[in-house]
Structures are given as C-alpha cells and as structure tokens.
Protein chains: 2
Amino acid sequence: MVDDGGEARLDAVFGALADPTRRAILRRLKEGEATVAALAAPFAMSQPAVSRHLRVLEEAGLITRSRRATARLSHLDAAPLRAAAGWLAEYRDYWSESHDRLAALLAAPPTDRP
Amino acid sequence: MVDDGGEARLDAVFGALADPTRRAILRRLKEGEATVAALAAPFAMSQPAVSRHLRVLEEAGLITRSRRATARLSHLDAAPLRAAAGWLAEYRDYWSESHDRLAALLAAPPTDRP
DNA sequence: TGTTTATATAACTAATAAGTTTTAGAATGT
DNA sequence: ACATTCTAAAACTTATTAGTTATATAAACA
C-alpha cells in the first residue's frame, strides 16, 4: 500500500464533516457516549438513516463503538480531527491577517536600506 | 432567511475540502494566483473537470477570480478555512491528550488528600 | 473583422450518497 | 426456550457528484 501521507484519511474526515447531521452527532458525543436511539432522537430521520451516518463516522475514524446490553454505544474519537486541523493550520498565514498585504510585502522589490 | 450560525457555509467548505484535487489546487494557490490551465496541468483530468472544481471552490468562498487577457486567474481566499478551523478547535480538548484518561479523571470519585 | 486563445457551458454517463420501508440478527430478560 | 429490545442490513428511490466530449463565448490580436 502506498503511503499518501494521510490524504486518503482526510478525504473521509472532511467528507464526514460535510454533513450537518454528522457534525451534530459529534457535538453530542462531546458530552459522552450515547446509544443510537439517543443520537437519533433530535433528528426528523429514521433510525437506519442515523445508523448509516454512524457508519460513515466510524469509517472516518471519528467514533468507536461498544455494546451495553442490546444497545450499541458510540464514543467520540477526535484524533482524526487533529489531522484535519493540522491541514488547515497550513493556511493560517493566509487568513490570520489581510493576506493581500502580506503577499504584496513578500512580492515587493528589495528597498534600499536608509 | 434563517441564521444557522454559519453551518451552511461549513457544509460547502468541508465538502470542498473532501476532494484531493481541490485540496491540491488550494495548496498550489498558496504560491499565488494561477490560470485554469496552470492549475489543470498537474492532473490527469480534462480542463472542464478542473473548471468545475474551481466552481466548487468559488461557491465555498475559497477562491476569488479575476481576468488577465483571455485567461481567468484564481486567487486563494482562506477566510472560510478560518471558520472551519474554529469548528475543529472546539474538539481540541478531545484530541490534545488521551481523552479516555481525561474522561476517566473527571469521572473518578474524589480521592482522599494524602 | 476575423482568428486565436483560454475558459465556461451543455449534454451525457457512471458512481456515490442520503433517505425511505421492511426485515434480519444479537444480546437480554422471563 | 422464547419474546423483547435495540440496532444493522437489504432493497429500493432520488439526488448529487465527478468525470467525459463537444460546443459556445469572451477577450486579444493580426
């Protein structure tokens, strides 16, 4: 298998985050583990639909799962978000200030020292 | 129009970032503005395909466009990435250390002070 | 004015995604 | 063992996405 530097994982992570339902599920999981039923409750959506969202999150590595009685618990695993944040951080210079000004500065011809 | 707190924008931004071609285009644009042809060159993909990727990036607010002669230049606009990074930052506590340990600590019954 | 250059748009195809309802399965409790 | 509970899987529909080739358009140039 070729090492793509984690690019493939970023596809899955950013893809997972592109859906508001999944982002809401992750937000909920910050409060702690939850059953599928509990996670589905806030949404006007069938249980199988939520199950599929959970599978997407699991495939992106954003949740892990365990059992309690007949229920299945989802747990937040934020590690992949760190990689995503790392990718974004490489653009920090371009948003942290007027980038136009910065670019102009860098592109400017060298000035005479007074 | 209802204010969703920028959630709709996040859909578009994370969705745009989910594609490796588009991430590569953004990376290229850190070096400065570029024509469609220049952006398309590295990819084994037709020019219209790249044009569509650029439209997705534009709709997500990640690039702006201008003209030079018959060519159209794309410019990076990283501002939406700031919002995405802001969303991710709310999960920093959950990745910055073994969250399991942290959670266990918080959930632990108070211990006697020695 | 007509040609060239660079890019966008149109029309199409194939694959993927997100939802539905129905059904199957796995662990618990009686 | 059997019914219950909770969740996953199957089968299907519809919409979106990513790509293709062919064509149209806008600005520059001869």
Side-chain angles (χ1 to χ4, degrees), chain A residues 4 7-29 32-77 80, chain B residues 4 7-29 32-76:
Chain A
D4 65 355
E7 282 291 304
R9 179 51 60 96
L10 282 182
D11 283 19
V13 173
F14 283 131
L17 299 182
D19 186 282
T21 300
R22 290 193 289 263
R23 289 199 303 276
I25 288 172
L26 292 178
R27 202 180 311 124
R28 164 63 184 83
L29 289 177
E33 60 188 14
T35 66
V36 174
L39 292 172
F43 304 105
M45 192 183 298
S46 65
Q47 169 264 310
V50 172
S51 271
R52 284 184 69 96
H53 280 303
L54 292 174
R55 205 174 89 174
V56 171
L57 290 169
E58 187 175 28
E59 286 170 357
L62 289 165
I63 65 172
T64 58
R65 318 189 75 173
S66 63
R67 269 190 182 286
R68 180 175 63 194
T70 73
R72 306 197 60 175
L73 298 171
S74 296
H75 317 260
L76 176 63
D77 182 352
Chain B
D4 65 354
E7 282 291 304
R9 182 48 62 95
L10 281 182
D11 284 18
V13 173
F14 283 132
L17 298 182
D19 185 282
T21 299
R22 289 192 289 262
R23 290 199 303 276
I25 287 172
L26 291 179
R27 202 179 312 122
R28 163 63 184 81
L29 289 177
E33 60 187 13
T35 65
V36 175
L39 292 172
F43 304 105
M45 190 182 299
S46 65
Q47 168 263 310
V50 172
S51 271
R52 282 186 70 94
H53 280 304
L54 292 174
R55 205 174 89 173
V56 172
L57 290 169
E58 187 175 26
E59 285 170 358
L62 289 165
I63 64 172
T64 58
R65 317 187 77 175
S66 62
R67 271 202 126 87
R68 181 176 60 196
T70 73
R72 303 196 62 173
L73 298 172
S74 295
H75 316 259
L76 176 64

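In what follows, chains carry the letters A, B, and so on, assigned in the order in which the sequence lines appear, proteins first and then strands, with residues in each chain numbered from 1. Quantities reported herein were computed from a predicted structural model and do not represent experimental measurements.
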Separation of A:Leu26 CG from A:Leu39 CG (nearest 0.5 Å)
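Going from CG on A:Leu39 over to CG on A:Leu26, the span is 10.0 Å.
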
Taking all non-hydrogen atoms of both residues into account, name the closest pair between B:Ala16 and B:Ala60 and its distance.
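Smallest heavy-atom distance, with atoms named: CB-CB, 4.1 Å.
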
Tell me, what's DNA chain D's dot-bracket, Watson-Crick or G-U with both distances under 3.5 Å, | for other-strand, [ ] crossing?
||||||||||||||||||||||||||||||

Please lay out, stage by stage, how B:Leu54 and B:Val36 fare under the test side chain to side chain contact (heavy atoms under 4.5 Å, CB included).
CA-CA 8 Å; B:Leu54 292 174; B:Val36 175; 3.7 Å; yes

A:Arg22 near the nucleic acid: base, sugar-phosphate alone, or nothing, with a heavy-atom cut-off under 4.0 Å?
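Answer is sugar-phosphate: A:Arg22 comes under 4.0 Å of backbone atoms only.
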
By side-chain hydrogen bond (donor to acceptor under 3.5 Å, both in side chains), which residues pair with B:Ser51, not counting sequence neighbours?
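Counting only residues at least two positions away or on another chain, B:Ser51 forms a side-chain hydrogen bond (donor to acceptor under 3.5 Å, both in side chains) with B:Gln47.
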
For a side chain to side chain donor-acceptor pair (under 3.5 Å) with B:Glu33, tell me which candidate from B:Arg65, B:Arg72, B:His75 qualifies.
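By the side chain to side chain donor-acceptor pair (under 3.5 Å) criterion, B:Glu33 pairs with just one of B:Arg65, B:Arg72, B:His75: B:His75.
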
Between A:Leu76 and A:Arg28, does a side chain to side chain contact (heavy atoms under 4.5 Å, CB included) hold up when you go through it step by step?
CA-CA 9 Å; A:Leu76 176 63; A:Arg28 164 63 184 83; over 6 Å; no

Please give, in whole Å, the distance from [N] [atom2] to [X] [atom1]?
X	N	atom1	atom2	answer
A:Met45	C:dT20	CE	C1'	12 Å
A:Arg23	C:dA18	CZ	P	12 Å
A:Leu57	C:dA17	CG	C1'	14 Å
A:Arg68	C:dG29	CZ	C1'	16 Å

At less than 4.0 Å, is any side-chain N or O atom of A:His53 found next to OP1 or OP2 of C:dG19? Yes or no.
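For C:dG19, OP1/OP2 do have a side-chain N/O of A:His53 under 4.0 Å.
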
Readout for nucleotides 2-13 of chain D: B = base within 4.0 Å of protein heavy atom, S = sugar-phosphate only, - = neither; 5' to 3' it is ---BSBBB----

Going through the distances and angles, do A:Phe43 and A:Ile25 end up as a side chain to side chain contact (heavy atoms under 4.5 Å, CB included)?
CA-CA 10 Å; A:Phe43 304 105; A:Ile25 288 172; 4.1 Å; yes

Closest nucleotide among C:dT21, C:dA18, D:dG19 to the A:Ser46 side chain
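Output: C:dT21.
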
B:Arg67 and B:Leu73: CA distance, side-chain angles, deciding distance, side chain to side chain contact (heavy atoms under 4.5 Å, CB included) verdict:
CA-CA 6 Å; B:Arg67 271 202 126 87; B:Leu73 298 172; over 6 Å; no

